[in-house]
There are 2 protein chains.
Amino acid sequence: MLSKKTKYGLKALTYLASMDSKEPVQIAEIAKHENISQKFLESILLTLRRNGFLGSKKGKGGGYYLIKSPDEIQMTTVMRVLEGPIAMVPCVSLNFYEKCEDCPNQDQCSVNKLMLKVRDANLEVYRNNTLADLIP
Amino acid sequence: MLSKKTKYGLKALTYLASMDSKEPVQIAEIAKHENISQKFLESILLTLRRNGFLGSKKGKGGGYYLIKSPDEIQMTTVMRVLEGPIAMVPCVSLNFYEKCEDCPNQDQCSVNKLMLKVRDANLEVYRNNTLADLIP
DNA sequence: TTATTTTCCTATAGATTTAATAGGATAATC
DNA sequence: GATTATCCTATTAAATCTATAGGAAAATAA
């Protein structure tokens, strides 16, 4: 299941990407427009800023804005920041690899075998889609 | 993340599929061979039996065995029983569809748009792999 | 029959993760 | 100096996942 964090994060990014100008947009506006708890959204936008997707401005007329052009924001990077590893098991993860401690040899592991294919299929989708592709 | 339930279930199914004969295999043997808590595995095998993947026999010489041939067991059905919906959001699920209550119109929803592609990519993998393909 | 073995079944405890809230600090503008 | 809006940490609440407990039921063997 996709976490609400990711869901809300994607919606917020898309909302910002759909703006004509790059003027800061307030959290309250995004939250209201997308039906999201403002405080929860606040923490999400914070991590998006900390990870280089958004810029921010404080005080009156402040808010968040996209730093890059939507077509330069790959879904792989967004998903990794919001949802975590794209792989369903650590032993097939490119960016978060970990050996399974219970698995004697992963080359003969059926789960590894299947999840490798799943990972590749998902990567293919995320690599071929940018934020620009999500705008209605 | 793949749940341990699914991981263990897949390993158990693969172990049974790798057997030459279709003689019942005891929970204890599977648990030991795959490093799984026996009691936890017990409940997993029970749901696999209830969902038509396994047969069972009680008493001495009893255990679990595959009902169908491994190449007739599609990963789509296994994943749905063990892990639940293949889709990451209910609004793109084929078998567990639900409308998002917070989404005014899902045709213009960016999450829906992306997750539809993800779902299709995953279905493609699960449909093209059977239990037979997981055997080392 | 009686003992043994193994699955069957429900309930529940423990652990982890996710979702949401609280409350004030910081910085920019008016 | 007042107001506005982001910044930041901690904590609570809810949900889900993992594992265990403990006995019932059924099959086999003595």
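The basis for the numbers below is simple: all heavy atoms, side chains too, and nothing from hydrogens, waters or symmetry mates. Lettering of chains follows the sequences in order, A, B, ..., and the numbering in each one begins at 1.
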I'd like to know whether B:Leu114 forms a side-chain contact (heavy atoms from CB on, under 4.5 Å) with A:Met75, so could you lay out the CA-CA distance, the side-chain angles of the two residues, the decisive distance to 0.1 Å, and finally the verdict. CA-CA 9 Å; B:Leu114 180 63; A:Met75 281 305 112; 3.8 Å; yes
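- The shortest side-chain heavy-atom distance between A:Thr47 and A:Phe53 does not fall under the 4.5 Å cut-off.
- For the pair A:Phe40 CZ and D:dA15 C1', the computed distance is 13 Å after rounding to whole Å.
- Checking the phosphate oxygens (OP1, OP2) of D:dA5, no side-chain nitrogen or oxygen of A:Arg49 falls inside 4.0 Å.
- Between A:Gln38 atom CD and D:dT4 atom P the separation is 14 Å, expressed in whole Å.
- The aromatic rings of A:Phe40 and A:Tyr8 sit perpendicular, their planes meeting at an angle over 60°, well past the 30° parallel limit.
- Across the protein-nucleic acid pair, A:Ile30 atom CD1 and D:dA5 atom P stand 13 Å apart, rounded to whole Å.
- Here the nucleotide nearest the side chain of B:Lys58, chosen from D:dA26, C:dT26, C:dA20, is D:dA26.
- With the nearest nucleotide of DNA chain C identified for both A:Lys39 and B:Gly63, B:Gly63 has the one nearer the 5' end.
- For B:Glu83 and D:dT18, the CD to P distance is 8 Å, given to the nearest whole Å.
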Mind running salt bridge (charged side-chain N to carboxylate O under 4.0 Å, His left out) on B:Lys7 and A:Asp102 for me, showing each step along the way? CA-CA 11 Å; B:Lys7 186 178 171 186; A:Asp102 60 322; 3.4 Å; yes
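- Between B:Ser37 and the phosphate of D:dT20, there is a side-chain N or O to OP1/OP2 separation shorter than 4.0 Å.
- Which of D:dC8, C:dT6, D:dT28 sits closest to the side chain of A:Leu46 comes down to D:dC8.
- Note on B:Arg50: every side-chain N or O is 4.0 Å or more away from OP1 and OP2 of C:dT7.
- Across all strands, A:Ile27 comes closer than 4.0 Å only to sugar-phosphate atoms, never to a base (heavy-atom distances).
- To the nearest angstrom, C1' of D:dT18 lies 14 Å from CG of B:Leu2.
- Comparing A:Lys5 and A:Lys60, the nucleotide of DNA chain C nearest to each residue sits closer to the 5' end for A:Lys5.
- The interatomic distance linking A:Tyr8 (OH) with C:dT18 (C1') rounds to 11 Å, in whole Å.
- Between the CG atom of B:Asn35 and the P atom of D:dA19 there is a distance of 12 Å, rounded to whole Å.
- A:Glu42 pairs by the salt bridge (charged side-chain N to carboxylate O under 4.0 Å, His left out) definition with A:Lys39, not counting sequence neighbours.
- If you check C:dC8, D:dC7, D:dA19 against the side chain of B:Ser56, the one that comes closest is C:dC8.
- If you measure from atom CG of B:Leu54 to atom P of C:dT7, you get 12 Å, rounded to the nearest angstrom.
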